[in-house]
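Taking it in order: structure first as C-alpha cells, then the write-up.
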Amino acid sequence: MGLVKAKIRKTKTGSGASDDMVGLSAALQAADPAERRSAARRLGSTTGCEAALLDRLAFEHEASVREMLVLSLMQLGTQDAVRGLAEHLRSEDASLRNAVVEALEAMPDAVAPNIELLLADHDPDVRIFACNLLVGLAHPDVPKWLSHVLENDSHVNVCAAAVDALTEIGRPDCVPALRACARRFPEEPFLSFAIDVAIARAAEQ
Amino acid sequence: MSALASEGQGAEGPPHPLSDEELAKFSEFFYRKTGIRLDERKRYYMERRIVERIRRTGCRSFFEYFTTLKLNGAAGELEALINEMTVNETYFWRENYQFECMTRSMLDEIARRKRPGEPIRIWSIPCSTGEEPYTIAIHILEYWARADSYDIEIFASDIDSNVLKRARDGTYDERSLSRLPPQLRARYFKLVSERRWQVINELRSSIAFGSVNLSDPLETARYRQIDLIFCRNLLIYFDDVSRRLAAENMFEAMSPGGFICLGHSESMSRITNLFRPRQFAEALVYQKPAPSRGA
C-alpha cells in the first residue's frame, strides 16, 4: 500500500553562533524572509531583545515575518514590549496598527498599566486606537477607562470611539458618562444618535 | 488531547482545598509548560487532580509537590500531571466531511505539487487514542485512487503519553467504531476479545506516533514539509498567545500550499493572517500560501 512509516527527526537544540542575541538580531536584517522569521521566532524566548524586535517591526513589510515579530513581543510580554508595540499605533500603516491592536488586546495584564498614558496621548489618533483596543481587552477597568474618556476628552472623534466601544461592552453604570458626553457636544447630532444607541444597549445588560 | 479532564476521574474522596495563591501559581506553571490556560472556572477539577498527584507522589503538601514538579529531574511527574489534566474522547469517522475533502480534493492538489519520489506528509495533532490517524489512513487506502502512486507518511502526535500508548496499541470498543462502515471494520480490524477490536498490524506499523507540545517550537521543529494537518478541537483550549504560537509552529512545519483542517467551531482567521481560507465542495480548510508559479 501507499502508506510508509515516517521517521520523526531529532530535535535540534542550540545551533551555535547564530543562537546568540547579537547573531539573531543581525539575522533580523537578512535579505531572506525565512531567515528573518526564524530569527524573530528564536528571539521570542530571549529576554532583553525587545529593542531588536521592535526596530525590525518598524520596517518589516513581509506579512509572515511581521506576525512572528509581533508574536515574539507578545511572548516576552514585558513593559518594554508593550510600550514599544504601542508606539506603532502612530504608524501610517493600517495593517501594522491593526496587528498591534490585536496583540495588545491579548496582553491585558501587561497592557493595563499603560492605558491611562495612551488615553492621555497628545495625538487624538492614538487615543482613538486606544479606545478601539479597549473593546477587546479583557480587563475589569475597561468601562471605567472609557467613561473617563467620555467625561474628559476634548476631541469629539475620540469620544465617538469611546461611545462605539461602550456600544459593544457598556454596562448600566456607564450611562451617566454617556449622558455627560452628550451634554458636552450638543452640536454633534451623529454623536447624540450614537450615544442613544449605546445607552439603550447598556441598559439591556 | 481533545479536552480538559472531565469530572468524576481521579481523586478518591473529597480534595483538600488549595489556596487561591497556590492555584494561581500552579495555573501559571501549567500554562508555561503546555499553553493551556486553567482559569477559575476549572478550579474544581484542577484542584481534584492536583490533590490526586500530591497523594500519589507521597508529597506532604502542595509546596513540596510544586517544588518537586518544577525541578528538571521531575519530568516524569510533569508527564503524569499532563495526562491527569487532559481527557481524550474521539471516535472513528468523526467530522467525516473533512476526510472526504482530503480524498476528493486536497490530496489531488497536493500531489500536483510533488516531484517524483517526494512523499506526501500528513500530521494528526492531537491524535488522542489514535482514531483520527487511523481514520485518515483507511480513508486514503479506500477512497483515494492514487494512493499506490505515492509514498504517504502519517505522523500522529499528542502531548499525553498515556493516550499515545493506547493509540499505538490500536484497540477499540464498539463506541469508537460505531460510525465505521462494517466492511471496513472487517478489513482493517481483528477481534481480540469480546467487543474489542484491534487495528491490523500493517496499518498500525505505518503510522509514526510521537509526543509533541504544539506550542513548543523546539518540539515541533521535528516536523517539516507537512502537506496536510488535522488539528481539530485543540486550539480552543489555548489562550490567545499560545494559539498564535501554535499556528506559527504549524506554519513552519508545513510545505507551501499545504492545508490545515480545524474543528468545526474553530477559525484560523480569528487567530492569524498567515493562512488563506479555502472553500472546497466538502469543507472549509486553511492553506499556507504557495509562491505563485513562475515566481
Side-chain angles (χ1 to χ4, degrees), chain A residues 1-15 19 32-46 62-78 81-82 85 94-96 98-99 101-111 136-138, chain B residues 32 107 119-123 133 136-138 140-141 144 146-157 202-212 215-226 239-249 251-252 270-275 288-289:
Chain A
M1 55 189 175
L3 299 183
V4 295
K5 179 76 172 271
K7 285 183 180 164
I8 300 171
R9 295 158 30 140
K10 289 185 177 171
T11 305
K12 287 181 186 171
T13 50
S15 54
D19 264 12
D32 179 5
E35 198 175 334
R36 298 200 300 277
R37 193 179 147 74
S38 172
R41 160 195 283 265
R42 292 192 200 172
L43 285 169
S45 53
T46 309
E62 173 67 32
S64 68
V65 182
R66 180 184 280 181
E67 290 230 4
M68 195 69 242
L69 290 163
V70 171
L71 179 56
S72 287
L73 288 160
M74 292 168 72
Q75 274 186 274
L76 290 168
T78 60
V82 168
L85 280 168
S95 67
L96 176 56
N98 288 339
V101 167
E102 285 178 8
L104 295 176
E105 280 176 355
M107 312 162 70
D109 293 338
V111 168
L137 194 76
Chain B
R32 279 190 280 109
L107 282 175
I120 291 173
R121 292 194 170 133
I122 301 172
W123 191 11
I136 292 168
I138 294 170
I140 290 173
L141 293 173
W144 194 45
R146 301 162 71 189
D148 285 336
S149 306
Y150 292 89
D151 283 346
I152 301 163
E153 300 177 348
I154 300 177
F155 299 89
S157 308
E202 190 180 12
L203 199 55
R204 284 195 297 134
S205 62
S206 69
I207 293 175
F209 290 99
S211 174
V212 171
S215 60
D216 184 337
L218 265 184
E219 293 192 17
T220 55
R222 289 178 286 164
Y223 299 83
R224 287 294 181 263
Q225 302 299 313
I226 304 289
D239 74 343
D240 286 341
V241 175
S242 299
R243 205 175 285 138
R244 287 180 65 155
L245 192 55
E248 291 281 347
N249 290 337
F251 183 88
E252 286 291 311
R270 289 200 293 265
I271 300 171
T272 174
N273 296 319
L274 287 171
F275 300 94
K288 177 173 176 173

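Chain letters run A, B, ... following the sequence lines, proteins first and then strands; every chain starts at 1.
- Here A:Arg41 is the residue among A:Met107, A:Glu102, A:Glu105, A:Arg41 with the most heavy-atom pairs under 4.5 Å with chain B.
- Atom OG of A:Ser64 is separated from atom CG of B:Asn273 by 11.5 Å, given to the nearest 0.5 angstrom.
- With rounding to the nearest 0.5 angstrom, the OG atom of A:Ser72 is 8.5 Å from the CG atom of B:Leu245.
- When all heavy atoms of B:Val241 and A:Leu71 are compared, the pair lying nearest together is O-CD1, 3.9 Å.
- Among all heavy-atom pairs drawn from B:Glu248 and A:Glu67, the shortest one is OE2-CB, 3.5 Å.
- Looking at B:Phe275, there are no atoms closer than 4.5 Å to chain A (heavy atoms on both sides), in backbone or side chain.
- B:Ile207 touches chain A through its backbone: at least one of N, CA, C or O sits under 4.5 Å from a heavy atom, while the side chain does not.
- Of all non-hydrogen atoms in B:Ser206 and A:Leu3, the two that sit nearest each other are OG-CD1, 3.7 Å.
- Of the atoms belonging to B:Thr272, heavy atoms from both backbone and side chain fall under 4.5 Å from chain A.
- Contacts of B:Asp239 with chain A are absent, with no heavy-atom separation under 4.5 Å from either backbone or side chain.
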